[in-house]
Amino acid sequence: MVTKITDGVKVSVDTIYQPEYSNPVNEHFMFAYRVKIENMGEYSVQLMNRHWTIFDSNGTKREVEGEGVVGQQPVIEPGNNHEYVSGCNLKTDIGSMKGSYEMKRIVDGQTFRVNIPEFYLITPFKLN
């Protein structure tokens, strides 16, 4: 698990390879990742947008942007958290992701970026 704190918002990410949804012969490797976003600050925040940069080990880079996460724009109260699970497919058995969330403070509407720590997507058979 990797963790990063930006402006009182802690983001932790854990990953798992999904062999049942993968097809290595056809260069299709599926990974799931679980994200926990904790509001360690004193104001309620809302997750507005996401931006991901996805890297395959063959040098391919993809950018993904959109509103919220998995169809939600959650409000996270001080001391609370929001968790979700999503997925990513790669053409190689090793890759990585990193990114940011655009958050909005509810009290004054001020927006700010929260960094998502870089994490690696690695098939278990590559670790041996």
Open item on the list: Do V69 and V75 sit in one hydrophobic cluster, given that two such residues count as connected whenever their side-chain heavy atoms are within less than 4.5 Å of each other, even indirectly?
Closed with: no
Open item on the list: Can you list everything that forms a side-chain hydrogen bond (donor to acceptor under 3.5 Å, both in side chains) with N115? Sequence neighbours excluded, please.
Closed with: none
- [ ] Might you confirm whether atom CD1 of I16 has over 12 heavy atoms from other residues, nucleotides or ligands at distances under 6.0 Å?
- [x] no
TODO: Supply the atom-to-atom distance L90 CG to F55 CZ, rounded to the nearest 0.5 angstrom.
DONE: 11.5 Å
Task: Interatomic distance, Q110 atom CD to K104 atom NZ [nearest 0.5 angstrom] - done: 11.5 Å
Task: Inter-residue atom distance E102.CD - F112.CZ, 0.5 Å rounding - done: 10.0 Å
TODO: Ignoring hydrogens and angles, tell me if any N or O in the side chain of N26 forms a donor-acceptor pair with the backbone of H28 under 3.5 Å.
DONE: no
TODO: Could you list all the side chain to side chain donor-acceptor pair (under 3.5 Å) pairs where at least one residue sits in residues 5-16, not counting sequence neighbours?
DONE: T3-S12
Open item on the list: Using a strict threshold of under 4.0 Å (side-chain N to carboxylate O), is an ion pair present between K61 and E63?
Closed with: yes
- [ ] On the 0 to 90° scale, with breaks at 30° and 60°, tag the Y17-F31 ring pair as parallel, tilted or perpendicular.
- [x] tilted
Task: same_hphob_cluster(Y43, V114) at 4.5 Å side-chain heavy-atom cutoff - done: no
Open item on the list: Are Y84 and M97 linked, directly or through intermediate hydrophobic residues, by side-chain heavy-atom contacts shorter than 4.5 Å (ILVMFWY only)?
Closed with: yes
- [ ] Taking Q46 for its side chain and Q73 for its backbone only, find out whether a donor-acceptor pair lies under 3.5 Å.
- [x] yes
Open item on the list: Tell me every residue that passes side-chain contact (heavy atoms from CB on, under 4.5 Å) with E65, counting only those two or more places apart in sequence or in another chain.
Closed with: H51
- [ ] Not counting sequence neighbours, which residues clear side-chain hydrogen bond (donor to acceptor under 3.5 Å, both in side chains) with Y120? List them please.
- [x] none
Open item on the list: Would a single hydrophobic cluster contain both V70 and V9, if residues Ile, Leu, Val, Met, Phe, Trp and Tyr are joined by side-chain heavy-atom contacts under 4.5 Å?
Closed with: yes
- [ ] Using only heavy-atom distances, determine whether the side chains of D56 and T92 contain a donor-acceptor pair under 3.5 Å.
- [x] yes
Task: Closest heavy-atom pair and its distance - E67, R50 - done: O-NH1, 2.9 Å
- [ ] Could you check whether the rings of Y33 and F119 sit parallel, tilted or perpendicular, using 30° and 60° as the cut-offs?
- [x] tilted
- [ ] Please list, chain by chain and in numerical order, all residues satisfying side-chain contact (heavy atoms from CB on, under 4.5 Å) with N39, sequence neighbours excluded.
- [x] V45, I76, P78
Task: OG-CG distance between S44 and N80, expressed to the nearest 0.5 angstrom - done: 8.5 Å
Open item on the list: Quick check: is V85 connected to F29 through a chain of hydrophobic side chains (ILVMFWY, heavy atoms under 4.5 Å apart)?
Closed with: no
TODO: Of all the heavy-atom pairs spanning S100 and I116, show the shortest one and how long it is.
DONE: N-CD1, 3.5 Å
Open item on the list: To the closest 0.5 Å, what do you measure between OG (S86) and CZ (R34)?
Closed with: 11.5 Å
TODO: Output the distance between atom CG (D93) and atom CD (E27), rounded to the nearest 0.5 Å.
DONE: 10.0 Å
- [ ] Please write out which residues are connected to M40 in a hydrophobic cluster, directly or through intermediates, given that two of Ile, Leu, Val, Met, Phe, Trp, Tyr count as joined at side-chain heavy-atom separations below 4.5 angstrom.
- [x] I5
TODO: Would you check if the side chain of E83 reaches a backbone N or O of K36 as a donor-acceptor pair within less than 3.5 Å?
DONE: no
